[in-house]
Amino acid sequence: MREATRLVEAGDQPSVNRIAEAAGLSRTTIYRIFPSRAALLDAIEVAPEPDTRSRVLEAALRLLASQSLADLSMDELAADAGVSRANLYRLFPGKSALLKAILLAYSPFEPVMALLARAGSRPPEEVIPQIVLAAYRTVARRRGIVRTLLLEITSMAPETQHVFAETAVPAFATFGGYLAAQMAAGRLHRMHPMLAAQSLVGSVVLHLLTEPVFSQAGMDAPSGEEAVLQLAQVWLRGMRPEGATRGT
């Protein structure tokens with residue numbers, strides 16, 4: 001433990017072989033005392049390695065592709081990510097903290113809010129396609145996040161609803177505020193902003209869910225960014241105020 005501490009404090013991330021060599025012991029002896037490298041590092045209270053957080057989040061997404069957050073085993077997650085259980089809980093004290101980190105890292109909520117903050121009063125014809133593209137590009141890299149979002153949000157579990165209130169609700173509220181302002185300016189058809197937001201988001205989410213299914217089935221269906229841009233244009237035409245012409 002002394003030699004492992006010395007190596008780590010020197011800025012290294014030592015292997016069991018290096019620790020054994022420095023301590024003058026065999027790997028077998030070390031594994032007889034500590035069942036894994038993670039257990040040894042945990043015993044000396046080593047802080048998580050720099051990439052541990054991202055490894056855990058990636059592993060969580062893989063596991064959540066086939067199970068719910070409620071069914072997720074933190075022990076299984078630690079093993080899949082290759083980290084100690086103690087370090088896992090140092091980073092994420094519970095499943096709520098884990099889900100919040102996933103949403104902040106991989107969901108489109110943060111990119112969309114940042115875009116809306118820059119949008120100001122620019123017209124929907126300019127802003128809506130950018131929002132759709134930002135959301136698609138964020139989610140398309142990890143499509144499993146869409147299923148995870150839908151499953152966890154509709155589960156109505158208290159911890160899930162709390163996380164949703166901290167991440168998704170502000171994004172929808174900001175988007176709704178933008179739509180309401182555009183309706184007041186006469187640029188969009190007047191209706192409840194949340195219904196207008198749902199009609200756009202729903203079409204993009206459905207596309208994300210069905211795109212790989214249609215592709216595997218050999219169906220001739222639009223895909224990629226061009227497809228979601230078409231959905232944005234359909235939404236804009238449907239939301240155009242009566243009597244308005246394009247660009248007004």
Side-chain angles (χ1 to χ4, degrees), residues 1-2 4-16 19 30-31 33-114 117 135 138-139 141-175 205:
M1 290 175 65
R2 183 178 63 251
T5 301
R6 182 181 62 79
L7 290 171
V8 169
E9 289 179 347
D12 200 358
Q13 295 295 340
S15 65
V16 172
I19 295 171
I30 289 184
Y31 279 122
I33 303 170
F34 301 100
S36 67
R37 174 179 178 273
L40 170 56
L41 296 182
D42 184 44
I44 62 174
E45 297 185 349
V46 173
E49 297 174 8
D51 66 338
T52 299
R53 183 181 179 86
S54 60
R55 293 209 319 271
V56 170
L57 293 180
E58 292 286 353
L61 275 186
R62 289 194 298 272
L63 295 173
L64 289 173
S66 58
Q67 60 185 295
S68 69
L69 185 67
D71 295 330
L72 178 67
S73 163
M74 295 297 271
D75 286 344
E76 181 185 6
L77 175 58
D80 192 279
V83 303
S84 70
R85 193 172 186 275
N87 272 341
L88 173 61
Y89 277 101
R90 286 191 186 103
L91 291 170
F92 308 106
K95 293 183 181 180
S96 293
L98 175 65
L99 179 60
K100 183 177 180 179
I102 290 173
L103 295 184
L104 291 177
Y106 302 132
S107 79
F109 300 141
E110 289 290 311
V112 166
M113 287 185 68
T138 302
V139 175
R141 295 194 297 270
R142 295 177 178 83
R143 292 176 184 271
I145 190 67
V146 179
R147 178 190 177 279
T148 298
L149 274 172
L150 292 176
L151 181 63
E152 299 306 331
I153 290 169
T154 56
S155 72
M156 299 302 291
E159 64 272 14
T160 300
Q161 294 305 306
H162 175 71
V163 172
F164 185 70
E166 291 184 338
T167 55
V169 169
F172 272 95
T174 302
F175 188 33
V205 168

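All values below were derived from every heavy atom in this structure, side-chain atoms included, with hydrogens, water molecules and symmetry-related copies excluded.
- By the 30° and 60° cut-offs, the orientation of the rings of Phe164 relative to Phe109 is perpendicular.
- From Gln67, atom CD reaches atom CG of Leu151 across 10.5 Å, with rounding to the nearest 0.5 Å.
- Closest non-hydrogen pair, Pro111 versus Thr138, comes out as CG-OG1, 3.6 Å.
- Closest heavy-atom contact between Thr167 and Pro170: O-CD, 3.4 Å.
- For the pair Phe92/Ile102, no side-chain contact is recorded, criterion being any heavy-atom separation below 4.5 Å from C-beta on.
- With rounding to the nearest 0.5 angstrom, the CE atom of Met113 is 4.0 Å from the OG1 atom of Thr174.
- Not counting sequence neighbours, Ser73 has no partner by the side chain to side chain donor-acceptor pair (under 3.5 Å) test.
- Put simply, CG on Leu77 and CZ on Arg55 are 11.0 Å apart, with the number rounded to the nearest 0.5 Å.
- Evaluation of the side chain to side chain contact (heavy atoms under 4.5 Å, CB included) rule for Leu150 yields Val146, Val205, Leu209 as partners, not counting sequence neighbours.
- Residues passing the side chain to side chain donor-acceptor pair (under 3.5 Å) test with Glu58, sequence neighbours excluded: Tyr106, Arg142.
- Evaluation of the side chain to side chain contact (heavy atoms under 4.5 Å, CB included) rule for Thr160 yields Leu69, Leu99, Glu152, Ser155, Ala157 as partners, not counting sequence neighbours.
- Considering all non-hydrogen atoms of both residues, Ala135 and Val112 come closest at CB-CG2, 4.3 Å.
- Under the side chain to side chain donor-acceptor pair (under 3.5 Å) criterion, Lys100 pairs with Glu166, sequence neighbours left out.
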As a quick check of understanding, evaluate side chain to side chain contact (heavy atoms under 4.5 Å, CB included) for Leu98 and Val56, giving each step before the final call. CA-CA 9 Å; Leu98 175 65; Val56 170; 4.2 Å; yes
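- Residue pairs that meet the salt bridge (Lys or Arg N to Asp or Glu O under 4.0 Å) test with at least one member in residues 68-79, sequence neighbours left out, are Asp75-Arg85.
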